Undergrad: 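Please read through the structure below; I'll follow up with questions.
No experiment lies behind these values; they were computed from the predicted model shown. One-based numbering along the sequence shown.
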Amino acid sequence: MKKLDKFEADILADYEGGELKSTSPRKSDLAKFKAAASATFIKDKRINIRLSSPDLMDIQARALEEGIPYQTFIASVLHKYASGRLVEKPSSLTNRSTGRSGKSRAG
């Protein structure tokens, strides 16, 4: 397990001490969150793409790491890229297409 930083440890201590209480979002915020969630998950278009076998195997392995189906993983990556929120995190797996481990890549 990752070691908690001071901020995280303080939150955990407050939670365990009963000092935190759950709140409900405002109706206006809730409506905004629902609209964003709906817009994110609308899948009304179908595309076909060709990938190399090694790239597809890498994608499937990454999806397995994330615990989601590979097509959902691809859609998520594309959505994050299109919205400017894609942040790459190195994989512990070896890339079949390059033969390199995700951990050894220089940033």
Side-chain angles (χ1 to χ4, degrees):
M1 176 182 234
K2 177 183 129 182
K3 184 176 177 175
L4 301 178
D5 64 24
K6 182 179 177 348
F7 178 73
E8 294 167 329
D10 289 346
I11 290 174
L12 181 59
D14 289 346
Y15 173 76
E16 290 175 342
E19 296 178 35
L20 298 179
K21 67 178 184 174
S22 179
T23 61
S24 297
R26 296 182 302 222
K27 286 186 180 183
S28 61
D29 287 338
L30 190 57
K32 185 171 53 172
F33 298 151
K34 285 182 180 180
S38 293
T40 299
F41 293 107
I42 293 175
K43 294 183 172 78
D44 59 347
K45 298 290 182 192
R46 177 182 296 264
I47 65 167
N48 293 311
I49 59 173
R50 292 191 178 277
L51 300 172
S52 69
S53 293
D55 284 345
L56 179 58
M57 291 189 323
D58 287 342
I59 288 168
Q60 290 171 326
R62 288 268 187 129
L64 189 60
E65 275 187 323
E66 298 293 324
I68 59 176
Y70 77 93
Q71 289 179 333
T72 302
F73 178 76
I74 292 169
S76 174
V77 169
L78 290 173
H79 173 73
K80 288 175 185 175
Y81 179 80
S83 64
R85 297 183 303 116
L86 183 66
V87 177
E88 184 177 0
K89 82 177 176 185
S91 171
S92 61
L93 303 173
T94 299
N95 292 333
R96 288 167 183 82
S97 58
T98 63
R100 296 185 313 190
S101 168
K103 287 185 175 178
S104 64
R105 273 193 250 162

Undergrad: Which of these passes side chain to side chain contact (heavy atoms under 4.5 Å, CB included) with L30: K34, K27, R26?
TA: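 The single option meeting the side chain to side chain contact (heavy atoms under 4.5 Å, CB included) with L30 is K34.
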Undergrad: Quick one: do Y15 and L4 end up in the same hydrophobic cluster if we chain Ile, Leu, Val, Met, Phe, Trp and Tyr together by side-chain heavy atoms under 4.5 Å apart?
TA: no
Undergrad: Before you tell me yes or no, could you show the steps for K6 and D10 under salt bridge (Lys or Arg N to Asp or Glu O under 4.0 Å), namely the whole-Å CA-CA distance, both residues' side-chain angles and the distance that decides it to 0.1 Å?
TA: CA-CA 6 Å; K6 182 179 177 348; D10 289 346; 2.9 Å; yes
Undergrad: Of all the heavy-atom pairs spanning D5 and E8, show the shortest one and how long it is.
TA: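 Closest approach of D5 to E8: OD1-N, 2.8 Å.
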Undergrad: Is a side-chain N or O of E16 found less than 3.5 angstrom from the main chain of A13, in a donor-acceptor match?
TA: no
Undergrad: Do I11 and L20 come within less than 4.5 Å of each other through their side chains, counting heavy atoms only?
TA: yes
Undergrad: Counting only N and O atoms by type, is there a donor-acceptor contact under 3.5 Å from the side chain of T72 to the main-chain atoms of I68?
TA: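 A pair under 3.5 Å: no.
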Undergrad: Please tell me whether L56 and L64 are part of a single hydrophobic cluster in this structure, the criterion being side-chain heavy atoms less than 4.5 Å apart.
TA: no
Undergrad: Taking atom CD1 of I59 and atom CE of M57, what is their separation to the nearest 0.5 Å?
TA: 11.5 Å
Undergrad: Measuring from L78:CG to L86:CG, what's the distance to the nearest 0.5 Å?
TA: 9.5 Å
Undergrad: On a heavy-atom basis, which atom in Y70 and which in A63 lie closest, and how many Å separate them?
TA: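 Shortest heavy-atom contact: CA-CB, 3.5 Å.
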Undergrad: Is it true that V87 and Y81 fall in one hydrophobic cluster, defined by side-chain heavy atoms closer than 4.5 Å?
TA: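 Unlinked, V87 and Y81 end up in two clusters.
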Undergrad: Roughly how far, to the nearest 0.5 Å, is CZ of F7 from CG of L12?
TA: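 Reported to 0.5 Å precision, the distance equals 12.0 Å.
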Undergrad: Could you check D29 against K32 for side-chain contact (heavy atoms from CB on, under 4.5 Å), going step by step and ending with a plain yes or no?
TA: CA-CA 5 Å; D29 287 338; K32 185 171 53 172; 3.9 Å; yes
